[in-house]
Amino acid sequence: MKICKEFKVVIEAAEGGQEIDLSEIPPPPDQLPADFFETALVTGNTVTQVDNKSPSTSEKTPPAKLAQSADDDGPEIDPSDVKAAFNAPDAPKTVLEALQQRLEKYKSTHEEAKTAGDSSKARRMQRIVQQYQQAIKDYQAKRHVDFAELPTPPGFGPIPIGGPRASNSAGGLSQSPASRPAVMGSGGAIQAPARSSIGSMGAGHSSRESRQVQQYNLLQEREKQFKMAAVKAKQEGDLETAKMYLRQIKGLEPMLKASANGLPVDVASLPKPPPGMGHDTDDYDVVQYEEAGALPGSSVKNRTEAYSQLEKDLVDQVAMCVRNESHFKKAGDIPMARKFERFNRDSRKDLDSLRSAYKNSASVPRFHYETRAFTVIKCCPELPDNVMELSVIRGLGYSLTGFAPTDFVTYVKWDFPFPTEAPQTSKTMAFKGTNEPDYSTTFTIKIDRKARSLARVFKTKGIKCEVYVKMGFLKADKVLGTVNISLETLETKCVHHTSIDLMEGKKAVGGKLEVRVRIREPLLKQQVEELREKWLVIDQFVK
């Protein structure tokens, strides 16, 4: 019974895809030696009694025989016998053939488990089948496949991927006693796997675990950065920025919880670190460097042109800094506003020094151009939180049978089904004499960002616009076409600018309507973009 229980452990390990050393399996009961139940089990260098016989029984065993049984690794196992015992196919010649053999084996095992009603084993086999199917797809697409992560059915030969390390990772019958994951003792006792065996079994999962740990550490680091930024903003009296950072921290909590439970996390959806909290002290990256040096100053004409060009670039740079500083102040991003304020101050100093050098007939200074990349949060700071702005810009190519382009008199009526009990609606003025009217009309729509019904409207309904054409005196206006503006884009972006075909049901009637919808911030998460600016840097003024 003890040997039966130990066989059960080995069988479960084999079904789970682990490597099994068959060299220490005891023979069938009818082939056991006569003194099998009378001798002691030898494990390492210790001898244990099996029954209650007198010590004299073990003393009769010669010491040489004990040493021989202790050092014996068991009878040699013929690979053909092993293959026949497990009904394994012939050794594969290609990697794809090996993967297909293993896939078919696990598929048949999965079907057997389903037929037997073993739901746990069926689910386990199904996961292995999916793992092999993905490995075959990756291999055929010439992508990297980690063969160490693929379980191997018992009795199957190694995957022929070349090299001894490859055959070990593919998994086959282990021949080295030091690498055996599970070894049966001479009496059926299960010996602990060697240290090197544990390392080889865990090698396939080390990369996955390291990625999981890296993701979790990144999430913790990002949460810490936002907490420090929130505390700093609160100490500076900027409560709006502190609240914004706290909302980011709340958004990170589900991702942290999922990563802690071993689930994968989309790192690309992580918010960018707060300004001033990244690894770069200036919080920008130089993505392009153009070495300009010092232009020759021997010619008066060349010198004047060089100074004029540098002055123009610095003036444009100062204007850009002022513009970005004003934008970020309105958006409540005080760290970025201060950053551009500092850039503005530095650029003004360079501009004053450049003008002074030109007046003193100095040579053209040494300089270079950089393309700096800033991580910024896009928003529309001039809009309140509870307002959405709809701009009906213009119509394009209206057409109607019996109407010349100069006969059109059109206007646009829009409808927004929020709130449900009082939908908001309005219309533009009528424009006549053209089939491409320039409406340029802006409407303010009230919204409640905290209402769940608003999210449903953004996803499913949007804004409905109808283009009407006046048919004449005492005649009703006719709907030329309908446009449905999808607002789903505003979940991740603050501006949706598009032109949409006029439709009558599912049929396009000709012509388009250009519209733009804006909100202060996206509905679900902030819109983080990379701002690139060409930057003139004065290296040294030459006297």
Side-chain angles (χ1 to χ4, degrees), residues 247 250-251 254 266 269 377-400 410-431 437-470 476-529:
R247 286 195 295 268
K250 286 292 183 182
D266 185 10
S269 64
I377 299 174
K378 299 288 289 185
C379 66
C380 301
E382 65 275 9
L383 295 177
D385 271 342
N386 60 343
V387 164
M388 178 171 64
E389 180 187 270
L390 169 65
S391 298
V392 182
I393 299 174
R394 57 178 173 172
L396 301 169
Y398 293 163
S399 62
L400 186 63
T410 60
Y411 64 92
V412 179
K413 182 180 179 182
W414 61 267
D415 176 75
F416 181 60
F418 180 85
T420 308
E421 59 277 5
Q424 303 175 66
T425 182
S426 185
K427 63 181 181 179
T428 67
M429 294 176 56
F431 289 80
D438 186 5
Y439 299 111
S440 297
T441 309
T442 300
F443 302 95
T444 299
I445 303 175
K446 298 291 184 181
I447 60 174
D448 182 6
R449 302 175 69 95
K450 298 179 181 179
R452 293 184 178 179
S453 56
L454 180 68
R456 289 196 295 269
V457 170
F458 271 45
K459 274 187 173 294
T460 60
K461 296 183 179 180
I463 302 176
K464 180 181 178 182
C465 295
E466 295 176 318
V467 179
Y468 283 85
V469 57
K470 291 184 178 291
D477 300 342
K478 180 181 179 180
V479 179
L480 183 62
T482 304
V483 165
N484 287 307
I485 308 173
S486 173
L487 302 179
E488 194 170 359
T489 306
L490 296 179
E491 292 181 345
T492 55
K493 295 185 178 180
C494 54
V495 179
H496 178 43
H497 190 173
T498 183
S499 59
I500 310 173
D501 292 328
L502 297 182
M503 307 293 290
E504 185 179 354
K506 295 184 179 180
K507 176 185 174 184
V509 297
K512 293 185 176 184
L513 183 66
E514 183 181 354
V515 294
R516 182 179 65 240
V517 186
R518 301 194 307 156
I519 55 178
R520 181 181 175 89
E521 293 179 352
L523 201 63
L524 296 183
K525 62 179 182 180
Q526 290 183 334
Q527 180 183 354
V528 180
E529 291 185 356

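Along the sequence shown, residues carry numbers from 1.
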Show your working on side-chain contact (heavy atoms from CB on, under 4.5 Å) between Phe458 and Met388 and close with a plain yes or no.
CA-CA 12 Å; Phe458 271 45; Met388 178 171 64; 3.9 Å; yes

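- Here the CD1 atom belonging to Ile463 is positioned 6.0 Å from the CZ atom belonging to Phe416, to the nearest 0.5 angstrom.
- A salt bridge does not link Arg394 with Asp438: every distance from a Lys NZ or Arg NE/NH1/NH2 to an Asp or Glu carboxylate oxygen is 4.0 Å or more.
- Distance check, rounded to the nearest 0.5 Å: SG of Cys465 to CG of Leu390 gives 5.5 Å.
- Summarising the geometry, atom CG belonging to Asn386 is positioned 11.0 Å from atom CG belonging to Leu454; distances are rounded to the nearest 0.5 Å.
- Checked for salt-bridge contact, Asp385 and Arg520 meet the test: a charged N lies under 4.0 Å from a carboxylate O.
- Under the 4.5 Å side-chain criterion, counting only non-hydrogen atoms from C-beta, Ile445 is in contact with Trp414.
- When all heavy atoms of Glu521 and Arg247 are compared, the closest pair comes out as OE1-NH2, 4.3 Å.
- Atoms CD1 and CD, on Ile393 and Glu514 in that order, are 4.0 Å from each other to the nearest 0.5 Å.
- Shown here for Thr410 and Pro437, the closest heavy-atom pair between the two residues is OG1-CG, 3.5 Å.
- The distance from the CZ atom of Phe443 to the OG1 atom of Thr425 is 9.0 Å, given to the nearest 0.5 Å.
- Salt-bridge formation is not detected for the pair Lys413/Glu466: no Lys NZ or Arg NE/NH1/NH2 atom is positioned less than 4.0 Å from an Asp or Glu carboxylate oxygen.
- Shown here for Cys379 and Cys494, the closest heavy-atom pair between the two residues is CA-SG, 3.8 Å.
- In terms of modelled atom types and a separation under 3.5 Å, the side chain of Glu504 and the main chain of Leu480 share no donor-acceptor contact.
- Remark: Arg518 engages Glu382, Glu389 in a side chain to side chain donor-acceptor pair (under 3.5 Å) (not counting sequence neighbours).
- Side-chain contact check for Val467 versus Val483: every heavy-atom pair is 4.5 Å or farther apart.
- Tested against Glu491 for a salt bridge (charged side-chain N to carboxylate O under 4.0 Å, His left out), the candidates Arg456, Lys459, Lys525 yield a single pass: Lys459.
- A tilted orientation is assigned to the rings of Tyr439 and Tyr398, their planes being inclined by 30° to 60°.
- Across Ile500 and Asn484, no two heavy atoms sit closer than the pair CD1-O, 3.9 Å.
- Closest approach of Asp415 to Pro423, counting heavy atoms only: OD1-CB, 4.0 Å.
- To the nearest 0.5 Å, atoms NE2 (His496) and CD1 (Ile485) are separated by 7.0 Å.
- Side-chain N or O atoms of Thr441 include none that pairs as donor or acceptor with a backbone N or O of Val392 at under 3.5 Å.
- Of all the heavy atoms in Gly481 and Val509, the pair that sits closest is CA-CG2, 4.3 Å.
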When you look at Leu523 and Leu487, which way does the side-chain contact (heavy atoms from CB on, under 4.5 Å) test go after all the steps?
CA-CA 10 Å; Leu523 201 63; Leu487 302 179; over 6 Å; no

